[in-house]
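For reference, the structure discussed in these notes is given below.
Worth knowing before you read on, the calculation uses all heavy atoms, side chains too, and leaves out hydrogens, waters and symmetry mates.
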Amino acid sequence: IVIYLDAEGVVIRHNHNLSELLAVGVENIAGELLIDYLHPWSDADARELRSFLSLPLAEGEDIRMEYAVSLKTSWSSRGIFRAELQSAEGPEGSGSEYLLILEDVTNLRQMEEEYRRVQRIQSLLPLVRGFGADFRDRLTVIFGNLDYVLELMKRDGPDLESQTGAIRDSLGSAIKHLERSNGRLDNILWLAGGGRRSMGEFSLADAVREVGDQAILGSNKTLDVIVENDIPPYRGDYEKILQMFQNILVNAVQAGPDPYPVTVSLELVNRNGRDAVLISVSDHGEGMSLDVLSRAEQPFFTTRDNADGLGLFIAKNIALEHAGSLELESTSGRGSKIHVFLPLASGDVPMDTVRKIPEGLKLMILDDNPDVQEIWERLLYQMGIHGSFVHSSAQAFEQFEKASDSDYPFHMVILEDSESDSPDVFSLLGRLRAIHPDLPAVYTSSRSVSPGIDELKEKGFSAYLRKPFRLFDLQNALLKALYQERQD
């Protein structure tokens with residue numbers, strides 16, 4: 001559907017395909033305000049459409065794109081359209097014109113939604129089966145401990161008093177297994193999109209203490225919560241923040257068999273020009289090797305038996321949902337430390353609008369495998385990003401240099417480190433940053449041995465995307481690369 005508009009949003013001319021969105025019998029709406037003839041699917045869609053069609057375009061905004069505009073068609077069904085609005089050259093003396101292109105992607109979107117639904121179900125099935133088997137074992141432990149306590153309670157007098165320690169240990173063990181089962185169930189519900197929202201103001205220190213006392217119950221660890229300065233009430237999803245702290249603290253408690261303190265410090269800091277709360281959780285466990293550390297945030301990755309490998313992954317995503325971040329550092333044999341930054345909400349700005357991938361992001365990807373390039377393209381499409389692909393360092397530099405001299409430079413690069421590429425991607429990034437000093441860059445590789453995180457940062461890379469990866473891995477890597485410079 002092709003429509004030309006003036007600066008007021010009035011239709012100048014259009015092709016016949018627009019009839020798909022018009023009432024029956026209406027064929028030509030030249031001279032009419034377009035927004036009066038389109039029928040968004042919902043009130044939210046109407047607000048988004050009005051915002052998208054607001055004219056004139058802002059200074060420096062040459063093109064505006066939206067990848068899922070929901071409209072009612074002439075058959076009263078839902079149509080999903082990719083929309084592109086840009087300045088156009090009108091006839092001489094006719095004034096400013098704008099070109100609106102609507103591409104029907106309804107069938108494609110339906111197939112994508114069905115694919116994601118099937119993919120989510122497939123990912124949940126083994127997790128649910130594993131949870132069922134694990135939960136039966138835990139129920140055996142719980143029932144056994146409770147039966148043991150009930151038998152002890154039948155005793156009277158000194159015999160009962162002498163068993164106080166055994167009763168405490170048995171009840172502690174039962175509670176510990178209930179808490180761990182509840183944590184795994186929370187993870188399943190989070191992946192399934194379940195759970196309730198409970199937005200409100202609360203004390204982060206109190207939330208830490210609440211789940212911390214549960215996390216250390218029945219263990220040989222102690223909890224030390226330190227509040228560095230006066231921290232105002234935090235506004236967020238209380239249940240999710242509790243789950244984030246629970247996942248982090250359970251990991252800290254299970255980081256090693258020896259007794260040690262789990263230390264949690266909370267501090268009010270300034271981050272990227274905004275007030276934020278820094279929560280640092282330190283353990284004195286076994287720590288992680290560089291290989292384990294690089295994979296610790298990936299879903300389903302774990303080094304412990306009877307664990308689902310979702311705790312840290314979900315904790316990080318909850319932090320991202322609250323416009324924050326989660327960073328992990330660890331040294332083998334010396335323990336681990338997790339830093340969570342949660343910005344304090346200011347004004348009426350929604351939390352999920354602070355850290356997001358900007359519209360119109362222009363991305364260059366160096367990857368010499370055509371099959372993998374197709375996967376890149378599909379995943380980037382989900383996020384509204386059109387990537388340009390190159391197969392060698394020489395081609396990458398040539399295209400980047402040419403784009404930098406135009407009105408459409410690249411905003412970010414993803415560079416694969418492959419055996420066949422010469423020169424290597426580190427040299428390439430150095431040459432690219434000579435043109436664009438603040439260029440965000442993501443390192444990716446399918447090699448079995450990759451450089452460490454510290455080395456990648458020294459070479460100029462802001463994020464590391466390990467192959468094989470999935471959509472959420474790519475999203476996290478892009479966000480980290482886009483915002484890492486300001487965070488550091």
Discussion item. Main chain of Ile1, side chain of Glu103: is a donor-acceptor contact present, judged purely on distance under 3.5 Å?
Written reply: no
query = So Phe397 and Val390, side-chain contact (heavy atoms from CB on, under 4.5 Å) or not? Walk me through it.
reply = CA-CA 9 Å; Phe397 183 78; Val390 292; over 6 Å; no
Smallest heavy-atom separation, Ala323 atom then Pro343 atom, equals O-CG, 3.2 Å
*Using the ring of each side chain (for Trp, its six-membered ring), is Tyr443 parallel, tilted or perpendicular to Phe426, with breaks at 30° and 60°?*
parallel
d(Ile318 CD1, Gln246 CD) to nearest 0.5 Å is 10.0 Å
| Donor-acceptor pair between Glu329 and His339 side chains, under 3.5 angstrom | yes
Under 3.5 Å: donor-acceptor pair, side chain of Arg433, backbone of Gly460 | yes
d(Ile231 CD1, Leu266 CG) to nearest 0.5 Å is 5.0 Å
Interatomic distance, CG@Leu366 vs OG@Ser392, rounded to 0.5 Å, equals 7.5 Å
Residues, nucleotides or ligands: over 12 heavy atoms within 6.0 Å of Glu267 CD = yes
**Item:** Donor-acceptor side-chain pairing of Gln399 and Glu401 below 3.5 angstrom
**Value:** no
Given 3.5 Å as the limit, does a donor-acceptor pair link the side chain of Lys362 with the main chain of Pro409, or not?
no
Closest heavy-atom pair, Leu55 versus Ala7, reported as atoms and distance to 0.1 Å, is CB-O, 3.4 Å
On a heavy-atom basis, the closest approach of Asp237 and Phe202 is C-CE2, 4.4 Å
Next item on the list: Indicate yes or no for a side-chain donor-acceptor contact from His436 to the backbone of Leu432 under 3.5 Å, with no hydrogens or angles considered.
Entry: no
Item to complete: Evaluate salt bridge (charged side-chain N to carboxylate O under 4.0 Å, His left out) for Glu327 paired with Lys316, printing each intermediate quantity in order.
Response: CA-CA 8 Å; Glu327 299 166 6; Lys316 181 165 186 174; over 6 Å; no
Does the side chain of Leu344 come within less than 4.5 Å of Leu268's, by heavy atoms?
yes
Evaluate Leu34 against Leu5 for side-chain contact (heavy atoms from CB on, under 4.5 Å), listing each step before the verdict. CA-CA 8 Å; Leu34 176 64; Leu5 305 170; 4.0 Å; yes
Closest non-hydrogen contact found for Ala252 with Val281 is CB-CG1, 4.2 Å
Is Glu66 paired with Arg64 through a side-chain N to carboxylate O contact shorter than 4.0 Å?
no
message = If only side-chain N and O atoms count, and only distance matters, is there a donor-acceptor pair under 3.5 Å linking Tyr98 with Asp6?
response = no
Pairwise side-chain contact, Lys457 with Lys459, heavy-atom cut-off 4.5 Å (strictly under): no
Let's go through Ser70 and Arg78 carefully: what are the C-alpha distance in whole Å and the side-chain angles of both, what is the deciding distance for side chain to side chain donor-acceptor pair (under 3.5 Å) to 0.1 Å, and is it a yes or a no?
CA-CA 7 Å; Ser70 294; Arg78 183 186 184 189; 2.9 Å; yes
Next on the checklist: Measuring only between side-chain heavy atoms, which start at C-beta, is Leu85 closer than 4.5 Å to Ile63?
Outcome noted: no
- [ ] Please confirm whether the backbone N or O of Ile80 pairs with a side-chain atom of Thr106, one donor and one acceptor, at under 3.5 Å?
- [x] yes
>> Are the side chains of Glu416 and Val425 in contact, using a 4.5 Å heavy-atom criterion?
In response: no
Rounded to the nearest 0.5 angstrom, the NE2-CZ distance for His322 and Arg235 is 10.0 Å
>> Checking the side chain of Gln395 only, and the main-chain atoms of His391 only, is there a donor and an acceptor separated by less than 3.5 Å?
In response: yes
Do Ser404 side-chain atoms and Phe400 backbone N/O form a donor-acceptor pair below 3.5 Å? yes
### Query
Can you find a pair of side-chain heavy atoms, one from Phe81 and one from Val105, that are under 4.5 Å apart?
no
Taking the basic N atoms (NZ, or NE/NH1/NH2) and the acidic carboxylate oxygens, is any pair closer than 4.0 Å for Glu20 and Lys72?
no
Closest heavy-atom pair, Ser462 versus Ala481, reported as atoms and distance to 0.1 Å, is CB-CA, 3.6 Å
Open item on the list: Test side-chain contact (heavy atoms from CB on, under 4.5 Å) on Leu361 and Phe410; report intermediate values, then the result.
Closed with: CA-CA 8 Å; Leu361 183 72; Phe410 289 105; over 6 Å; no
**Item:** Ser51 side chain vs Glu48 backbone, donor-acceptor pair below 3.5 Å
**Value:** no
Quiz item: Going by heavy atoms in the side chains, are Leu380 and Leu363 under 4.5 Å from each other?
Solution: yes
The reported gap from CZ in Arg82 to CD1 in Ile101 (rounded to nearest 0.5 angstrom) is 8.0 Å
Checklist entry - Is there a side-chain contact between Ile365 and Val413 (heavy atoms, below 4.5 Å)? => result no
Taking the side chain as everything from C-beta on, heavy atoms only, tell me whether Leu18 gets closer than 4.5 Å to Ile29. yes
CG of Leu21 to NE2 of His14, rounded to nearest 0.5 Å, is 11.0 Å
Glu8 and Leu33 have their tightest heavy-atom pair at O-CD1, 3.3 Å
Worksheet item: Are any side-chain N or O atoms of Asn15 and backbone N or O atoms of Val2, one a donor and one an acceptor, separated by less than 3.5 Å?
Response: yes
Taking it one step at a time, do Leu415 and Leu428 satisfy side-chain contact (heavy atoms from CB on, under 4.5 Å)?
CA-CA 9 Å; Leu415 305 178; Leu428 172 61; 4.0 Å; yes
Report task. Ignoring hydrogens and angles, tell me if any N or O in the side chain of Ser330 forms a donor-acceptor pair with the backbone of Met288 under 3.5 Å. Result -> yes
